[in-house]
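Below is one structure, written out as structure tokens; the observations come after it.
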Amino acid sequence: MTDPRATVRCPACGLEETFSKLADARLRIEAHREETGHDPEWELGRFAPGVEKMGEEAGVCGIPDL
């Protein structure tokens, strides 16, 4: 995988996995929470410029930045 979409990391146990699909990364986060009680984090890779711009404009949870 040369350009991962997301990297999932868990500071509590050292888990680190990369994913080409965001849905797979989300599933891994939820599974890790259920299995361990840890709260893993994810870092998103680069997206097409238009996707990044729309994400910035949407803000957190789809609420536009004011």
Side-chain angles (χ1 to χ4, degrees):
M1 190 179 335
T2 58
D3 191 19
R5 285 298 195 97
T7 301
V8 174
R9 292 185 182 92
C10 179
C13 69
L15 168 78
E16 183 170 327
E17 294 181 33
T18 56
F19 297 87
S20 60
K21 296 182 179 180
L22 296 181
D24 292 340
R26 273 191 238 150
L27 289 172
R28 183 62 178 119
I29 287 171
E30 290 307 315
H32 191 68
R33 283 182 179 146
E34 289 178 18
E35 293 165 4
T36 65
H38 297 165
D39 193 20
E41 304 165 347
W42 68 351
E43 179 181 323
L44 300 180
R46 298 279 307 170
F47 291 89
V51 173
E52 288 185 356
K53 181 176 179 0
M54 293 303 294
E56 286 177 13
E57 289 178 3
V60 176
C61 298
I63 300 170
D65 293 332
L66 300 175

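Keep in mind it's a predicted model, so treat the numbers as computed, not measured.
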Which distance, rounded to the nearest 0.5 Å, do you find between the OG1 of T7 and the CG of L15?
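Taking OG1 in T7 and CG in L15, the distance rounds to 10.5 Å.
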Could you report the tightest heavy-atom contact between V8 and P40, atom names first, then the distance?
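In terms of heavy atoms, the two residues are closest at CG1-CB, 4.1 Å.
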For L22 versus W42, what's the shortest heavy-atom pair and its separation?
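Shortest heavy-atom contact: O-CZ3, 3.8 Å.
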Under the criterion side chain to side chain contact (heavy atoms under 4.5 Å, CB included), which of H32, R9, R28 is the partner of E17?
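When side chain to side chain contact (heavy atoms under 4.5 Å, CB included) is applied between E17 and each of H32, R9, R28, only R28 qualifies.
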